[in-house]
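Every chain is numbered from 1 and lettered A, B, ... according to where its sequence line falls, protein lines coming before strand lines.
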Amino acid sequence: MPGMQQGLVISHNQVNRDMFELEFIAPEIAEECQPGQFIHIKPGLRDQPLLRRPLSIYDVDKRLGSVTLLYKVVGTGTRLLTSVRTKEYVDVMGPLGRGFKLPDQPERILLVGGGVGIAPLVYLARVLEEQGCDITVLHGTESRRQLVAFEKLRQIGTDFFPATMDGTAGYKGLVTELLLKKIEPKKLDRIYTCGPEPMMAVVAEFAANHNIEAEVSLEEYMACGVGACLGCARKLKTNDTQYVKVCKDGPVFNIKEVELYK
Amino acid sequence: MPGMQQGLVISHNQVNRDMFELEFIAPEIAEECQPGQFIHIKPGLRDQPLLRRPLSIYDVDKRLGSVTLLYKVVGTGTRLLTSVRTKEYVDVMGPLGRGFKLPDQPERILLVGGGVGIAPLVYLARVLEEQGCDITVLHGTESRRQLVAFEKLRQIGTDFFPATMDGTAGYKGLVTELLLKKIEPKKLDRIYTCGPEPMMAVVAEFAANHNIEAEVSLEEYMACGVGACLGCARKLKTNDTQYVKVCKDGPVFNIKEVELYK
Amino acid sequence: MKKEMEISREIDISTDLGGIKLNNPVCAASGTFGYGREYEPYVDISKIGAVIVKGTTLEPRAGNPPPRIIETASGMLNAIGLENPGINEFLNTHLPYLRENNVTVIANIAGNTIEEYAAIAEMIEGNPGVAGIELNISCPNVKQGGLQFGTDPQMVYEVVKAVKEKTTLPVMPKLSPNVTDIVEIARASEAGGADALSMINTLMGMAVDINTRKPFLANIFGGLSGPAIKPVALRMIYQVYREVKLPILGGGGIVNYRDALEFLMVGATAISVGTGIFINPQLTEEIVSNLLHYMQENNVASLSELVGAAHQA
Amino acid sequence: MKKEMEISREIDISTDLGGIKLNNPVCAASGTFGYGREYEPYVDISKIGAVIVKGTTLEPRAGNPPPRIIETASGMLNAIGLENPGINEFLNTHLPYLRENNVTVIANIAGNTIEEYAAIAEMIEGNPGVAGIELNISCPNVKQGGLQFGTDPQMVYEVVKAVKEKTTLPVMPKLSPNVTDIVEIARASEAGGADALSMINTLMGMAVDINTRKPFLANIFGGLSGPAIKPVALRMIYQVYREVKLPILGGGGIVNYRDALEFLMVGATAISVGTGIFINPQLTEEIVSNLLHYMQENNVASLSELVGAAHQA
Ligand SMILES: Cc1cc2nc3c(=O)[nH]c(=O)nc-3n(C[C@H](O)[C@H](O)[C@H](O)COP(=O)(O)OP(=O)(O)OC[C@H]3O[C@@H](n4cnc5c(N)ncnc54)[C@H](O)[C@@H]3O)c2cc1C
Ligand SMILES: Cc1cc2nc3c(=O)[nH]c(=O)nc-3n(C[C@H](O)[C@H](O)[C@H](O)COP(=O)(O)OP(=O)(O)OC[C@H]3O[C@@H](n4cnc5c(N)ncnc54)[C@H](O)[C@@H]3O)c2cc1C
Ligand SMILES: Cc1cc2nc3c(=O)[nH]c(=O)nc-3n(C[C@H](O)[C@H](O)[C@H](O)COP(=O)(O)O)c2cc1C
Ligand SMILES: Cc1cc2nc3c(=O)[nH]c(=O)nc-3n(C[C@H](O)[C@H](O)[C@H](O)COP(=O)(O)O)c2cc1C
Ligand code: FES
Ligand code: FES
């Protein structure tokens, strides 16, 4: 069952120009975390920003009872979050949402992350690795500096292939080009992806073409984060008559159910 | 001419349970400061709190170009202010308002401060001392801990007499009792006072009875701090037909002009 | 010390909102608490003054396309578009759940026509577990070309009257603040037979995405809620309290017990929290316990000492 | 790079607000900038689009007793009560100062009766240095028992018409947002002969001091301004822009250039900043330079490309 807690910040590091890693202790929450779920965090204690902000579970240490978030500073809330210091508390709710559906047995898995979209894939990789899966990760970013999850993914034991637009590391160009050039679909059982929608749209096509099971993690503006406000609505397919709620029915969906923006 | 600046914080210390001393570098502002004037400070960079907060000039170091404020945490703004760290900047406007009218020649001066109302009297004491005045200070607080200006006032060279409600230092009881018991009106040329109005009301009576020149520093809620919004209005005497603006016509007024709340 | 604790046990904060009995005066506002289920992990929903469920219509509604919400300064805009599963689904699925959990339920209903309001009220009638009906009259009236019911006194009168005729439950219209004269609307509600008033619904607002240069919400306009609107809500309740004798459920921007006290003091008999719940799902509980603490500290023996206190000279 | 700098020099952001010529579209709102003097140490007041001076009445007014202001969430309430030295003092003391300093001045006038408005307009007529008249119609009409001029279309029509008859200056009524149908009020203004519209004035609100259990402001009610009201202001301007062809001076909660852009995009020809100035006296200047920078970066050659942009499909 999700909960609400004051998480004790035990580390908070700037990992590049605009990205931070925040680790806090919240045993009840950590215990429940599934890959792909998110934490609803209140940046600052005042009314501004007013609402909580959803951030994916980047990593979990169940022994320590800690959860780690990876976030990029894009606006008011994330900027304010940067000022939290270790030994201070963050107000967190979670874990929320429907996470990734894990394979029943060890499989050959591909993870495709774009930018900060790598966040949910790291804890996913950790759990899959523990299940004995064989994991390849593609991570596309602007530049070498944004490949912030590299160390974690290497330690977890994944095969990691970066793609950077400026060519400062790995493949020079889009991660989707790398996908199409490098990955042999026959050697894959399943794909998980999170990142910009046009990127995920290419992954969806790839999965469909080769009939590979795949899941995506989506984003919408959120207020409650628990399915009560109906704010984070999305039509999975253009012709659907009903809206799903990304916070509750997602954020993870089967890629076949979703029409992605290109 | 007053100005607006980003003041570089060079020290920020908690001096007791709920009071802080904040020193910042802002040479153009420091240069202009007169005792009794105030600084209009923006706590935090966001819209909350929205408005600036007026704080008296507690001390000035013109050589260094610094201004020191002494503030008590009472609400949103002052609480937020406590989180400013040294080497960070505070957004300050000032010096604002009409300060204390200084004597033309060395005089025998009494300063009566109540609680954080001691703030404007410290810089005043410094300037008066430089002019060769003979200064006695009475400071009334709850307890010894709130006698935060003692060190500064001693260094400046004033005769300092505390009154604490709990008797932990100096006279046990109200500072106004100390005033009436201890101070010989004939040995005084002028009084300046700042503190709770009932306290200042006793000072006013004392000054009137013995025909001593005296000034008070008043408070009202402020928005602009410069006389533009007409928000900080006050009728000096109940039967006045006009309102003065505490930010511009004050905060310092001749004690005879003012009817104080008892 | 001991004495104080005894007093605390004796403070009774149950209240009566025009016939709706509440164990405590703090309710969850419509549309912000779903049908109660979503917040079960965080709070004992049976202890909430009342759960006012999501606005429910005759037929299911899909609601508006996204984006439906956007944050603003100390507030948020929403244009959910009354997404809901329809009154049947509410009665068959959600109400039994709430009843089993001993939740005090106020149904919030909305229609396009007076007949629809009346029909929904009629369907609710006889179903155990509904303590009262809140009429959301901020929806556009399709027969009148989209003009909101809640902005025309005559329509307000008629809707309230039509619903009252179909139900034995207390009826509480929820007033829209987007009007010139809120007292006039309150009077029309009273004339129509309302048992209580709910005030206020959201202020109509909008936001622009300067990157796309388009209105941010797909629906263009949305309802502004949260602390930003508190001063307007307090003012309207103050005005209505002086002129109309109905009990008022007050809300709009409440995020702590001090806000709640302000609403009681201007004349609210009970209060509702909406947006505040998104930030703190335990807000209803927290306000109740802080309110009790406040009453104890200030020797306030009953809520009635606080209700309308700001009107005393 | 060089090219961009050249463009920047060529961007012309002067604008015409129904005959009021502004060097740039950013004005200081009435009541927040005094008569200009107070902010002289902080900003070159001649460079402000226009300084809209403090609301001025026929006779001097003492204003309301304190407290007159209180901060609220992302906003503030004020109940200054139109303290001002009267129109004579304005014309004799303040206007000459502003004229000498080459300030573009819009006079903001207020009256208790239509005759008072007309009389003030007549007194202004012929005095050099006034670029236009803003009509504050949010004051209570004493003849009509205190009902605000600005909430009744008929009264709005009459006030505007009466003032237009007495002046050759452009006339711009300042609309109150405390109405059910802002478009109706805008249409009445247009019918009365208004040259432009100023939107919006403050929302009526209040706050309670829970310690004393009394309304915080001595006047009980006050006008809510600041970021809290921005969504309401944007919505009303959006609605009016679609229906009424008059240029709009838009404001309400603007504290940075992004806010200003939102107002332009919903349809404001120029913008006004009020409460924001209390926080940052250089706000007008700052918005102008950020606006120029934005236009340059986004290849916007003229303001007209932005005005009303959010209405394009
Ligand atoms: C399920 C979920 C998981 C997420 N996980 C992560 C994560 O692990 N790391 C991370 O850096 N970010 C993540 N995000 C995005 C993150 O929530 C937003 O970047 C954040 O809320 C922005 O807040 P802000 O106050 O800084 O920005 P704001 O000032 O609110 O807005 C700045 C910009 O960010 C965009 N934005 C704001 N809120 C959202 C939102 N809820 N959804 C989409 N875009 C938004 C807007 O387009 C806006 O232009 C996730 C979002 C969702 C829905
Ligand atoms: C000219 C002047 C000089 C001042 N000098 C000092 C000083 O040197 N040190 C110091 O600690 N304080 C000083 N004050 C008071 C100080 O401005 C307030 O304590 C401060 O603004 C409170 O802000 P806040 O956000 O913390 O409190 P808020 O959350 O705004 O309010 C908390 C409480 O403080 C009181 N309060 C808030 N603002 C004011 C105000 N402007 N005037 C009076 N009471 C207020 C209210 O009664 C309220 O209950 C001065 C005030 C004035 C007008
Ligand atoms: C997301 C959301 C959905 C809402 N849905 C409804 C609704 O269906 N029916 C209704 O009467 N009010 C609805 N409201 C209004 C709230 O019940 C409440 O009156 C309003 O938000 C003001 O209170 P607050 O500031 O505490 O949120 C909704 C508000 C929000 C924020
Ligand atoms: C302290 C204060 C005084 C004001 N006085 C006047 C006035 O005299 N005449 C007027 O038309 N508007 C007056 N206003 C309203 C402002 O001009 C402006 O319309 C309103 O504050 C909304 O803009 P803002 O949010 O940028 O402040 C006043 C506002 C404030 C805050
Ligand atoms: S954020 Fe409230 S339903 Fe998803
Ligand atoms: S605070 Fe604006 S006039 Fe004094």
Side-chain angles (χ1 to χ4, degrees), chain B residues 1-6 28-29 32 40-54 74-78 80 91-97 218-236 238-250 261, chain D residues 28-43 51 53-55 60-85 216-218 222 225-228 230 253 255-256 259 274-283 286:
Chain B
M1 214 162 69
M4 188 165 83
Q5 256 189 280
Q6 295 297 317
E28 284 114 76
I29 292 177
E32 300 277 329
H40 218 25
I41 188 166
K42 177 87 179 80
L45 301 171
R46 307 283 321 152
D47 294 356
Q48 211 175 20
L50 186 67
L51 300 172
R52 291 172 180 271
R53 297 293 188 259
V74 298
T76 323
T78 46
L80 190 58
D91 182 345
V92 283
M93 266 173 81
L96 299 179
L218 301 181
E219 290 194 9
E220 279 297 336
Y221 278 80
M222 292 183 180
C224 71
V226 300
C229 76
L230 313 183
C232 62
R234 174 164 178 148
K235 272 193 184 160
L236 289 185
T238 317
N239 293 328
D240 283 358
T241 52
Q242 299 273 27
Y243 293 96
V244 296
K245 304 307 158 309
V246 170
C247 72
K248 197 182 154 197
D249 304 319
Y261 307 128
Chain D
S30 178
T32 64
F33 210 74
Y35 292 101
R37 264 181 236 266
E38 290 79 7
Y39 280 113
E40 233 208 307
Y42 304 94
V43 64
V51 170
V53 297
K54 174 70 195 165
R61 286 203 197 171
N64 289 330
R68 290 179 173 183
I69 52 173
I70 176 75
E71 187 165 329
T72 64
S74 295
M76 64 177 280
L77 290 164
N78 88 78
I80 307 301
L82 272 178
E83 171 173 345
N84 82 92
F216 192 91
L217 300 173
S225 62
K230 192 182 71 165
V255 295
N256 56 45
D259 295 334
T275 306
I277 290 178
F278 302 153
I279 303 145
N280 176 6
Q282 291 159 354
L283 186 57
E286 233 175 76

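Residues of residues 219-228 of chain B lying within less than 4.5 angstrom of chain D, judged on heavy atoms, are B:E220, B:Y221, B:M222, B:A223, B:C224, B:V226, B:G227, B:A228 in numerical order.
For D:Y35, no part lies near chain B; criterion is any non-hydrogen pair under 4.5 Å. Of the two parts of D:F33, only the backbone, made up of N, CA, C and O, holds a non-hydrogen atom closer than 4.5 Å to a non-hydrogen atom of chain B. Both the backbone and the side chain of B:M4 have a heavy atom closer than 4.5 Å to some heavy atom of chain D. Heavy atoms closer than 4.5 Å to chain B are found nowhere in D:P60, neither backbone nor side chain. Proximity to chain D is limited to the side chain of B:L96, based on heavy atoms less than 4.5 angstrom apart.
When side chains are defined from C-beta on, D:E71 does not count as touching B:T76, because their heavy atoms never get closer than 4.5 Å.
Looking at D:E38 and B:K245, no side-chain N of the basic residue comes within less than 4.0 Å of a carboxylate O on the acidic one, giving no salt bridge.
Top candidate by heavy-atom pairs under 4.5 Å with chain B, chosen from D:N280, D:T32, D:I70, D:N64, is D:N64. Ranked by non-hydrogen atom pairs under 4.5 Å with chain B, the options D:G226, D:P65, D:P67, D:G63 are led by D:P65.
Between the NZ atom in B:K42 and the CZ atom in D:F278 there is a gap of 14.0 Å [rounded to 0.5 Å]. Rounding to the nearest 0.5 angstrom, the gap separating the SG atom in B:C229 from the CG atom in D:N78 is 8.0 Å.
When every heavy atom of B:L51 is checked against every heavy atom of D:T275, the shortest pair comes out as CD2-CG2, 4.4 Å. Among all heavy-atom pairs drawn from D:P227 and B:L50, the shortest one is CD-CD1, 3.8 Å. Across every non-hydrogen atom of D:P41 and B:P2, the tightest pair is CB-O, 3.7 Å. For the residue pair D:R68 and B:L230, the shortest heavy atom distance occurs at NH1-O, 2.8 Å.
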